[in-house]
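Counting from 1, the numbers follow the sequence of the chain as shown.
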Amino acid sequence: KRTERYEKMADVADRKKVFENIEKGPEKKLKSVTPKVNDGMDRAKLLVNVQKGTEKKKLKSVTPKVHDGMGRAKLLGNVKKGAALNKVSAPETGLSRADKSAFLRSQAEKKGESFVEKLDKEGLKFFNHVCSLPFSEQAVAFLNAYWGEVGTQADFIYTVAWDKIKYADMHARGINYVHKYREGSNLEFDIGLYFYEQLCKFLSKPEGKEWKAEKYAPSQPKLMTAIVRKKELRDKVDVNFDGKVSMIEYLLYQYRAFANPADFVTRAMTQDEHPEVRKARLALQEVNKRIMAYEAEKQRLTDESKKPGVKGLTAKNLLAQLNAGPLWEKLQKALITAEAAVRIATKKYGGKFVAGKGGSGKAIGSNEGSIWWLNRDLAEKKKKYGRKMK
């Protein structure tokens, strides 16, 4: 037993020596190295020599492995010489816009990617032109292009979407009275968020219950947080990347199940506003001018009537006679003229399709959007300002 104990102690002692040698390490003398640069002056001289090129070294010539286009193709894709290459982009000439769109769509489907086509220079110019139009004219252009798909949602677009986007624009400009408002064409991003907020609030209230019906399901905006909504506006709604939201961008995004910017441009660029339709639209614009003049005078007299004394009494008397005055008569005359113009346009162009100019001969758009909007707008104006039947 004692011998075993001594052996164990010897093993422990040997182990300690090993660890001590490892910690100390072998004692080796380090070579002294003299720095080539001893001070700041030497360092400056070295840099000057480098700049002058006194220590130039010849660079080795390298022969490139790829000499031509075919070599590059072999290197990247291991393509055999003479093999046919697949086309990956639409030809610039020889195809109509609709054919190019179909080509790009088929290429995206083969790759399993979603189809998002960028607008070309001509298409972007046209799209920017549409974005510069008043909200109502943008909506009409959309309805004309997609009447077959979105005609059932026209009431929602007119009554809810158009009203809320105008309200958001008025809020941004600090306008409280409708008769002082001149219809805008776009909203800043922050006001765009406000527009969506007001739209969602309206649909959640009892007065918006009618528009929550299954019939208007495609028009229901998706609820999002402000941060997510702003990202959506920047990445998906703002087609032309101008930092603003227009009516046409909102509509293309809301009804993206069947609409997209490139397809809209293809359809809308082939449509022209017919003379009778333009005449009816301008006649309704004249009605708007008469309404604004009438409402401005009505507001002035209402404010004056609240004043004490003779001024207040005089304003009350004039306010009572306003509907028999010249402003009211001019408004009625404008309504009659507009009604006749809308009737002619409806009879002549209602329901007629516009053939595309791309050579396909397909009916890609109609006047139904314009005709429907004109009739609906006229009905609303007659309801509020038309002569009341006794």
If you define the side chain from C-beta out and look only at heavy atoms, does anything of [X] sit under 4.5 Å from [Y]?
| X | Y | value |
| --- | --- | --- |
| W372 | N367 | no |
| W373 | L143 | yes |
| R173 | Y181 | yes |
| L374 | T346 | no |
| K333 | E329 | no |
| E295 | V178 | no |
| V245 | Y253 | no |
| E273 | R281 | yes |

Measuring from [X]:[atom1] to [Y]:[atom2], what's the distance to the nearest 0.5 Å?
| X | Y | atom1 | atom2 | answer |
| --- | --- | --- | --- | --- |
| L282 | T337 | CG | OG1 | 12.5 Å |
| I291 | L327 | CD1 | CG | 12.5 Å |
| K212 | K205 | NZ | NZ | 14.0 Å |
| K316 | K306 | NZ | NZ | 11.0 Å |

Who are the side chain to side chain contact (heavy atoms under 4.5 Å, CB included) partners of K382, not counting sequence neighbours?
L335, E339, L378
Please identify each residue that fulfils side chain to side chain contact (heavy atoms under 4.5 Å, CB included) with F202, with sequence neighbours left out.
V160, K164, E207, W211
Under 3.5 Å donor-acceptor, [X] side chain and [Y] backbone:
| X | Y | answer |
| --- | --- | --- |
| D169 | L187 | no |
| E276 | R343 | no |
| R290 | L331 | no |
| N240 | N128 | no |
| D120 | G123 | yes |
| Y158 | A161 | no |
| D238 | G243 | yes |

Just checking, any donor-acceptor pair under 3.5 angstrom between side chains of [X] and [Y]?
| X | Y | value |
| --- | --- | --- |
| Y146 | D263 | yes |
| T302 | Q299 | no |
| R376 | T159 | yes |

Should we count CZ of F258 as having more than 12 external heavy atoms under 6.0 Å?
yes
Salt bridge (charged side-chain N to carboxylate O under 4.0 Å, His left out) between E304 and K307: does it pass, once the steps are laid out?
CA-CA 6 Å; E304 288 285 330; K307 295 180 179 180; 3.2 Å; yes
How are the rings of Y196 and Y250 set relative to one another: parallel (under 30°), tilted (30 to 60°) or perpendicular (over 60°)?
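If you compare the ring of Y196 with that of Y250, the planes turn out perpendicular.
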Check the angle between the aromatic planes of F264 and F127 and answer parallel, tilted or perpendicular using the 30° and 60° thresholds.
perpendicular
Compare every heavy atom of [Y] with every heavy atom of [X], then report the nearest pair and how far apart it is.
| X | Y | result |
| --- | --- | --- |
| L233 | G192 | CD1-C, 4.2 Å |
| F126 | V265 | CD2-CG1, 4.1 Å |
| S219 | F156 | CB-CD2, 3.4 Å |
| A168 | I191 | O-CG2, 3.5 Å |
| Y216 | T152 | CE2-O, 3.8 Å |

Taking the ring centre of each residue, are F195 and Y167 less than 6.0 Å apart?
no
List the steps, then state whether side chain to side chain contact (heavy atoms under 4.5 Å, CB included) holds for Y385 with V287.
CA-CA 10 Å; Y385 297 102; V287 173; over 6 Å; no
Could you pull out all donor-acceptor pairs under 3.5 Å where a side-chain atom in residues 129-142 meets a protein atom, sequence neighbours excluded?
from	atom 1	to	atom 2	distance (Å)
S132	OG	H129	O	2.5
S136	OG	E183	OE1	3.3
S136	OG	E183	OE2	3.3
Q138	OE1	M247	N	3.0
Q138	OE1	I248	N	2.9
Q138	NE2	C131	O	3.2
Q138	NE2	L133	O	2.7
Q138	NE2	S185	O	2.9

CA sep, side-chain torsions, deciding dist, call: R256, E249, salt bridge (charged side-chain N to carboxylate O under 4.0 Å, His left out)
CA-CA 10 Å; R256 59 191 178 279; E249 288 174 327; over 6 Å; no
